[in-house]
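Not measured: the values here are computed from a predicted model.
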Amino acid sequence: MSNSPNPVSREFHPFKAIGKFILVLIMMGIIIASIVASVLTVYIFKSMDIEGIKLENVKYNYTTILYCQNSASGEYEEFQRLSGSENRIWVDYNNMSPYLAKAAIAIEDKNFKKHNGVDWRRTVLAAVNHFIPFSSSRFGASTITQQLIKNVTHDDDVRVDRKVREIFRAINLEQDYSKEQIMEAYLNTISLGNNTNGVEAAANLYFAKKAKDLTMAESAAIIGITQNPSKWNPFVFPENNKKRRETIMDEMYSQGLVTKDEYDKAKKQKLEFKSEENKKRIESTQNWFVDHVLNEVIDDLVEKKNYTRSYASSQVFNGGYRIYMTMNKEIQEYAEKAFTDMENTFPKIANEEYPEGAFVLMDTNGKVIALVGSNRPKTGARLFNRATDAKRQPGSAIKPLASYTPAMERNLITWSTIIEDGPITLNEGTPNERQWPVNHYRSYIGPVTVDYAIRRSTNTIPVKLVQELTPDVCFDFLTDKLKFENLVDNEYVGGRIVGDKYLPSMALGGLTNGVTPLEITAGYQIFANGGTFTKPYCYTRVLDSEGNVILEKDTTPIRVISGETSAVMCKLLQRVTTGPLATGTTAKFSQMPVAGKTGTTDRDVDQWFIGVTPYYVAGVWLGYDEAQTIRYYSYPPPIIWKNMMGPIHKDLEVKDFDYGDNIVKATYCLKSGGLATSSCTETDTGWYKRSNIPGSCPGDEYLNEDEDYEENPDDEEYFNDEEENEKDRKRPPRRHKKNKHDDDDED
């Protein structure tokens with residue numbers, strides 16, 4: 001018998017083998033699935049363009065708000081919101097009512113604080129129901145995070161690949177941002193009806209509140225809108241909105257997001273939706289001042305930020321800018337109403353249709369207070385603005401700026417300088433020789449003082465001054481010092497010189513393109529403020545949606561003439577409204593001193609009055625868009641100016657201009673222009689720069705010369721072209737001779 005152990009018998013167990021085989025298959029499946037998942041993930045990221053979203057880089061459309069200063073408090077207040085593509089105002093999470101987030105969580109995503117961006121249970125149920133419908137109810141699988149993804153990417157096609165892309169993006173977003181940051185972005189992007197996005201704009205619109213001040217019921221009413229902005233619109237379907245917000249409040253309480261006291265109080269609150277109040281702030285028809293502000297901001301963005309005009313315009317209307325205007329709200333409203341009151345503001349004329357008009361008002365340092373671009377009611381937004389866009393011939397209104405002021409600054413003239421009112425010879429010795437210019441009063445007076453020439457609007461005197469100064473000097477003063485932008489430098493075109501460095505242009509306003517009412521009115525500020533100039537501005541600064549300064553106006557006054565010159569010119573221009581034979585006497589109102597100048601172009605196509613008071617500088621222009629003679633009974637612009645400015649000054653103290661202490665008053669001889677002596681029989685008083693006082697009258701030898709100077713009182717039949725008096729009111733409308741030079745203020 002053998003002592004070796006018996007071999008162990010091995011039995012085959014089929015079930016155990018099958019189990020091992022299945023286990024191997026499962027492990028292989030897991031490995032393969034992992035590989036496939038990894039490959040699929042890489043494929044999804046590459047082929048489906050899934051990339052991380054940076055919320056801070058997302059470009060939203062925001063509502064731009066215009067502000068103006070309260071004249072009583074000095075504080076800036078909201079004036080108007082622009083109707084861009086969206087009404088949206090970004091607000092930080094800590095400046096929102098806490099009920100907003102709670103309402104959103106309660107009705108949109110009760111597991112918001114627990115999930116990682118995707119609610120997998122809801123996602124699976126929604127997917128199964130999509131392929132194998134088991135419920136007629138629509139499963140809302142998207143979390144707040146996923147809804148935010150759709151809001152910022154606008155990737156919302158109903159496709160499986162889009163949903164997969166959204167899921168991965170949501171997971172990534174939750175890894176990069178806190179729940180608070182995600183909720184902040186969500187509440188600022190959701191659509192809340194009436195072209196309104198985000199809870200701040202919605203709170204403003206529906207309740208005239210800020211988002212931080214919303215109650216629980218108001219928060220529920222707003223959040224309820226987002227699921228279906230049309231159905232839950234409280235302005236259109238208030239009962240629908242009420243049912244929706246009650247459902248949301250019930251959910252807020254049942255989920256423990258609010259207390260019983262908060263819930264009971266909210267259920268009792270009766271909501272008042274501010275429909276009409278807020279519609280007025282978002283209107284398509286904006287006033288003339290707003291039109292100008294928007295255009296100037298766009299221009300400045302192009303010039304100073306190198307934006308394209310298209311991008312600048314988009315930013316102004318959709319960039320959430322804060323624009324701080326210089327407009328006086330009350331005066332602007334008055335001006336638009338008064339300037340369209342044809343019966344009370346405008347004198348009668350003989351034309352069948354009244355000409356168009358423009359009105360500009362600024363303070364004495366370039367700050368635009370009000371402007372009106374037409375004397376017809378405004379019917380739309382950003383229309384052609386004649387106050388800022390119409391380039392018209394200024395006629396005699398250019399004389400104080402282009403000729404008299406530069407001559408006074410260079411001591412070429414004084415108040416009483418005697419200059420011959422007579423023509424000069426053009427093209428002497430040629431077949432084209434002629435005597436020029438012709439005065440509007442159709443005659444030549446002979447030796448006259450500067451005072452007489454200005455108030456009488458004589459044409460010959462500024463021509464001779466510009467001739468002595470040279471047109472180049474006058475042109476440079478207007479463009480370099482007073483920032484006229486529409487003058488044209490000389491150039492050769494077709495073998496001849498074309499431009500405004502030319503005697504008729506600088507002396508009489510016969511410009512190539514003309515000037516706008518805004519720019520010529522701004523030039524007159526130098527007569528009210530002691531000789532400084534600030535380019536006219538209609539806003540002070542522009543902020544972006546985050547409060548950064550985008551644009552800021554430099555409003556520092558620049559001295560362009562001496563205080564002495566400014567003071568004497570101011571005194572001279574007051575004679576235009578008060579002196580004998582003056583052209584602007586109808587501009588006077590109350591006892592307020594008014595300095596100014598009329599301006600009329602060939603055939604009365606354009607008519608002007610630019611006036612200055614110690615408080616304001618204002619300009620009035622009349623003319624037809626298509627050149628046509630204005631036939632009048634009484635010269636209209638000074639009358640319109642008075643009718644506009646009188647009410648604006650009604651509560652202002654009557655005071656004089658500040659002339660400084662560098663001018664003196666003296667009596668002068670009307671024949672010589674020198675300071676009067678005891679021998680002078682015809683005298684008047686004038687104002688002089690201390691640095692340029694004329695010498696005494698030469699005496700008897702001069703006075704005995706065969707010259708008979710007088711102010712020609714018998715010439716009244718000619719001076720009513722630009723003057724209003726009782727006789728004017730009774731005379732027939734002015735007619736014109738065929739010779740276009742008979743009545744010119746310009747050549």
Side-chain angles (χ1 to χ4, degrees), residues 68-77 289 325-339 341 344-345 359-372 400 455 521-534 536-538 540 555 557 563-564 566-579 582 584-597 609-620 637-665 685 687 724:
C68 62
Q69 208 167 15
N70 184 301
S71 54
S73 67
E75 298 296 323
Y76 278 94
E77 298 176 346
F289 197 102
M325 305 186 295
T326 60
M327 180 187 76
N328 182 300
K329 177 183 176 182
E330 291 74 25
I331 293 180
Q332 178 68 30
E333 290 176 352
Y334 155 76
E336 296 211 26
K337 181 178 180 181
F339 203 68
D341 186 353
N344 295 309
T345 304
F359 174 75
V360 176
L361 177 75
M362 62 185 66
D363 72 4
T364 57
N365 287 295
K367 177 182 177 181
V368 183
I369 303 297
L371 56 82
V372 187
R455 57 185 159 87
T521 301
Y524 275 67
Q525 68 182 273
I526 63 176
F527 307 127
N529 62 24
T532 63
F533 180 81
T534 304
Y537 59 98
C538 58
T540 55
T555 59
E564 294 176 303
S566 171
V568 174
M569 286 300 304
C570 181
K571 288 285 190 180
L572 281 166
L573 291 173
Q574 287 179 64
R575 296 275 286 167
V576 173
T577 66
T578 60
T585 55
T586 52
K588 281 286 291 178
F589 59 89
S590 72
Q591 298 302 311
M592 191 73 70
V594 174
K597 187 68 186 72
F609 184 78
I610 315 297
V612 179
T613 75
Y615 294 97
Y616 296 112
V617 184
V620 168
I639 301 172
I640 299 168
W641 193 92
K642 175 188 68 176
N643 291 340
M644 293 294 294
M645 296 297 283
I648 290 174
H649 286 78
K650 68 177 181 178
D651 296 325
L652 298 176
E653 176 189 359
V654 174
K655 66 177 183 179
D656 203 354
F657 293 93
D658 182 4
Y659 304 105
D661 57 0
N662 290 319
I663 63 171
V664 295
K665 187 176 183 180
T685 56
W687 291 86
E724 160 79 3

Next item on the list: Run the numbers on Val594 and Gln574 for side chain to side chain contact (heavy atoms under 4.5 Å, CB included), then give the verdict.
Entry: CA-CA 6 Å; Val594 174; Gln574 287 179 64; over 6 Å; no

I need the [X] [atom1] to [Y] [atom2] distance, nearest 0.5 Å.
X      : Y      : atom1 : atom2 : result
Ile648 : Glu330 : CD1   : CD    : 12.0 Å
Gln332 : Met327 : CD    : CE    : 6.0 Å
Thr534 : Met362 : OG1   : CE    : 10.5 Å
Ile526 : Asn365 : CD1   : CG    : 12.5 Å
Glu333 : Ile331 : CD    : CD1   : 11.0 Å
Ser566 : Lys571 : OG    : NZ    : 12.0 Å

Might you point out which heavy atoms bring [X] and [Y] nearest each other, and give the distance in Å?
X      : Y      : value
Thr613 : Met592 : CB-CG, 4.3 Å
Cys570 : Ala595 : O-CB, 3.7 Å
Pro614 : Lys655 : CG-O, 3.2 Å
Gly619 : Thr521 : CA-OG1, 3.5 Å
Phe359 : Val620 : CD1-CG2, 3.8 Å
Ala335 : Ala370 : CB-CB, 4.4 Å

Any side-chain heavy-atom pair of [X] and [Y] under 4.5 Å:
X      : Y      : answer
Tyr76  : Met325 : no
Glu653 : Tyr615 : yes
Phe533 : Pro557 : no
Thr585 : Pro638 : no
Phe339 : Ile640 : yes

Notebook entry, point to check: Between Thr540 and Thr326, does a side chain to side chain contact (heavy atoms under 4.5 Å, CB included) hold up when you go through it step by step?
Noted result: CA-CA 7 Å; Thr540 55; Thr326 60; 4.1 Å; yes

Non-neighbouring partners of [X] that pass ring-ring contact (aromatic ring centres under 6.0 Å, His included), sequence neighbours left out:
X      : answer
Tyr334 : none
Phe609 : Trp641
Tyr616 : His649

Check: With no hydrogens and no angle check, do the side chains of Tyr659 and Asn662 hold a donor and an acceptor under 3.5 Å apart?
Finding: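 Asn662 and Tyr659 do not have a side-chain donor-acceptor pair below 3.5 Å.
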
Item checked: Distance-only side-chain donor-acceptor flag, Glu77 / Asn70, under 3.5 Å ->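 Their side chains do contain a donor-acceptor pair, which is all the 3.5 Å distance test asks for.
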
Margin query: Run the side chain to side chain contact (heavy atoms under 4.5 Å, CB included) test on Phe289 and Val368 for me, step by step, so that the C-alpha distance in whole Å, both residues' side-chain angles and the decisive distance to 0.1 Å come before the verdict.
Written below: CA-CA 9 Å; Phe289 197 102; Val368 183; 3.6 Å; yes

Check: With sequence neighbours excluded, what pairs up with Thr532 under the side-chain hydrogen bond (donor to acceptor under 3.5 Å, both in side chains) test?
Finding: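 Scan of Thr532 (side-chain hydrogen bond (donor to acceptor under 3.5 Å, both in side chains), adjacent residues dropped) gives Asn529.
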
Notebook entry, point to check: Partners of Asp661 by side-chain hydrogen bond (donor to acceptor under 3.5 Å, both in side chains), sequence neighbours excluded?
Noted result: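 Listed in chain order: nothing, the list is empty.
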
Check: With no hydrogens and no angle check, is any side-chain donor or acceptor of Thr345 less than 3.5 Å from a backbone partner on Asn643?
Finding: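 No, Thr345 side chain to Asn643 backbone: no donor-acceptor pair under 3.5 Å.
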
Notebook entry, point to check: What pairs with Lys665 under side-chain contact (heavy atoms from CB on, under 4.5 Å), at least two apart in sequence or on another chain?
Noted result: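 Lys665 satisfies side-chain contact (heavy atoms from CB on, under 4.5 Å) with Thr685, Trp687 only.
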
Next item on the list: Decide yes or no on side chain to side chain contact (heavy atoms under 4.5 Å, CB included) for Asn328 and Ser71, but give the supporting numbers first.
Entry: CA-CA 7 Å; Asn328 182 300; Ser71 54; 4.0 Å; yes

Notebook entry, point to check: Do we get Lys597 above Tyr524's six-membered ring, with its NZ or CZ under 6.0 Å from the centre and within 45° of the axis?
Noted result: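 No, Lys597 does not sit over the ring of Tyr524.
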
